[in-house]
Engineer: 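Have a look at the structure that comes next, please.
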Amino acid sequence: MKELLFKNITSVREQAPLVQNITNYVVMNNTANALLAVGASPIMAHAHPEMQSMQAICQALVINIGTLDEYWVESMILAVAAANQNNKPWILDPVGAGATAYRDEVLSELLALKPTAIRGNASEILALAKHNTTATKGVDSTSSSLEAIEAAQFLNKEYGALVVISGAVDIVVSEESVDQLKNGDALMTKITGMGCSATAILAAFIAVIPNKKEAALAATSLMAVAGELAAKSSQGPGSLQMHLLDKLHSITKEEYINTVKILD
Amino acid sequence: MKELLFKNITSVREQAPLVQNITNYVVMNNTANALLAVGASPIMAHAHPEMQSMQAICQALVINIGTLDEYWVESMILAVAAANQNNKPWILDPVGAGATAYRDEVLSELLALKPTAIRGNASEILALAKHNTTATKGVDSTSSSLEAIEAAQFLNKEYGALVVISGAVDIVVSEESVDQLKNGDALMTKITGMGCSATAILAAFIAVIPNKKEAALAATSLMAVAGELAAKSSQGPGSLQMHLLDKLHSITKEEYINTVKILD
Amino acid sequence: MKELLFKNITSVREQAPLVQNITNYVVMNNTANALLAVGASPIMAHAHPEMQSMQAICQALVINIGTLDEYWVESMILAVAAANQNNKPWILDPVGAGATAYRDEVLSELLALKPTAIRGNASEILALAKHNTTATKGVDSTSSSLEAIEAAQFLNKEYGALVVISGAVDIVVSEESVDQLKNGDALMTKITGMGCSATAILAAFIAVIPNKKEAALAATSLMAVAGELAAKSSQGPGSLQMHLLDKLHSITKEEYINTVKILD
């Protein structure tokens, strides 16, 4: 399995997928650099008149609602419609799900357009599922990723989306299974946009790897393993940010395989 | 006093206040990372439909007009109204005050809503005061912070706001006193967004520390002391940026107390 | 020639031109930091009501369409009109030229307003010229800068703009000559916004140096030489980004002259 996952990392480097990002202002720079570091190519564009044609030249789409507003939500809807029409994968990052009614309305609209995959922290995944059922436990910002498995399975069943729950343990919930990854470092929570970068990398992998679960395991573990290795030579969040980009770019097969921890 | 200020730094780390930022595009990433580094939590949001409810879950609000436009100004007004209604502190960063008539009109409107605190460089503080009185000396981009004390006192008296003037000497102007801090490094002027980060950190401290003056002295000195220590191991603005985040995150009581210079 | 170019670098540091940037969200932070590192001062502003008066206080204007939308395009038109009226130089960065019809329409409108200079990669320069003539070879994202010389000459003749084509070889196409620079490092293509920073630095130099060709050679070589030197001490794109800012800020005459390669 570890060999297969590293092969996926190599595939992204070789195929260099073009990923369109409609994402938040805070992380646009990081996200673009993270995509470049893993070998993909980022495009950030949101103008309504070009959503159709821009999506046509990309291999995947990221929708991240972090700093949404009315214009950008319409950009998102237009781009998702184009992606769905062209059978391109699109990945939803429900930043701040549950924080305001406006976010939840927008997320409801986006969910109905059936994202290929969703990545969020436990609170966001719980909020996303709660909005559509009363079966889950409600939003809790201190939730661990394990507490959101049921919510993720609901989202998977209801919308067909693969779900990645980020946390101390990262969890990939697919139709076939629930897989846990146990890498990363607590210092990663002290840099903004780590989750957003994970979502963009997930999009690059899903663009290239036919098996969604294998794409998600490779993308999610790459981010966590690179962060874990980068943290070892970091004195704080500033240097971690730098070392993470270096490591995403240069990680070797040996480093990856010796570090990655997949729980069965 | 130094012991007390470090205690305030510890309080922010422990209480992790949630700070909403309506700030400029240039510094959103830095600002979020600076807040995380001192132990606070950043939220960036500006959509009109969520200003009321977003502000309700935050402990403080930053209004920074750096890249303002008509939509964002309305976001600011909505968020400030919510903050005032909920008795939450809000901090004004009057970026580019005096540069254009449009900025001055917007600042006039914001001032009337009575910010809890204001942080700017000497030119900005002078421009802000001039706009409302003929008593000050006008805008001068080469003004030292000392030249803006009178303007800051005017703003404090007229609007009740604590005022921080950033510069080679940082000055905190409160109802009770005028306090000067003498830390920092000239290289900090070669990185964009240092002032904006100082404003966001000020918001985090005012959210948590009941005494505004003590909050401002702790926040302002933390930024300057961390910058001064970071500059010692930096070869230029790129490495200073990295070391500053590391130092904001990890500064010890000993480092802080041995470095901070409060003038009486 | 090398002595003259370094003299230009010193002139920018001494005169510290104020450069207005209407640029894309992804690179605003980098661009501001790159301008500060070479000794210039950045202003980012786009509100319609202040375009006229903001441009009046700046020495140059950057128009970068990376994340354009309808509001921002109008900001660009307003700012360019003000720059033209005040005889201030303005530099066009045609990000993603040829990618969508919308971009090409906007670029057509901007070209008609006669930019002082244009900087882009080969594909963008080819697309920009193709849009207005059938004489060029069409868009090719794998084009080398050498293949775009004819297109650049067309743009120079038709609109009077100096053109810089970025690539493994950087090319400056002016009325008088075609000059090639052979510095840089392949790792620079793995960081977002390197081209956008090059454009902003070009604007700072054109603001200060009367001879456009000498300004462009100095600006373009400074970016490439600093990148080349920075890459030597970098382990990947994260550290390159940091070292590049350090080097832009501190490069010495000796380092520059011993590294720069101008082909005749």
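Protein chains get the first letters and strands the later ones, always in sequence-line order, with residue 1 at the start of each. Since this is a predicted model, take the numbers as computed values, not measurements.
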Engineer: Quick one: does B:K247's side chain have a donor or acceptor within less than 3.5 Å of a partner on B:L229's backbone?
Structural biologist: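 Such a contact is absent between B:K247 side chain and B:L229 backbone.
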
Engineer: Give, as side chain, backbone, both or neither, the part of A:T189 having an atom under 4.5 angstrom from any heavy atom of chain B.
Structural biologist: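 Contact with chain B: backbone only.
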
Engineer: Is it true that the side chains of A:W90 and A:N84 contain a donor and an acceptor less than 3.5 Å apart?
Structural biologist: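 Looking only at side-chain atoms, A:N84 and A:W90 do form a donor-acceptor pair, the distance falling under 3.5 Å.
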
Engineer: Using heavy atoms and a sub-4.5 Å threshold, report which of residues 235-242 of chain A line up against chain B, by residue number.
Structural biologist: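 Under the 4.5 Å heavy-atom cut-off, A:Q235, A:G236, A:P237, A:G238, A:S239, A:Q241, A:M242 qualify.
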
Engineer: If you look at every heavy atom in B:V19 and B:A203, which pair is closest and at what distance?
Structural biologist: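 That would be CG1-CB, 4.0 Å.
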
Engineer: Does the side chain of A:N24 pick up a donor-acceptor pair with the side chain of A:T67 at under 3.5 Å?
Structural biologist: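 Short answer, no.
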
Engineer: Indicate whether any N or O donor in one side chain lies under 3.5 Å from an N or O acceptor in the other, for B:N29 and A:N29.
Structural biologist: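 Result is no, nothing qualifies.
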
Engineer: Can you find a side-chain donor-acceptor pair between B:H46 and A:D69 that sits under 3.5 Å?
Structural biologist: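 Looking only at side-chain atoms, A:D69 and B:H46 do form a donor-acceptor pair, the distance falling under 3.5 Å.
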
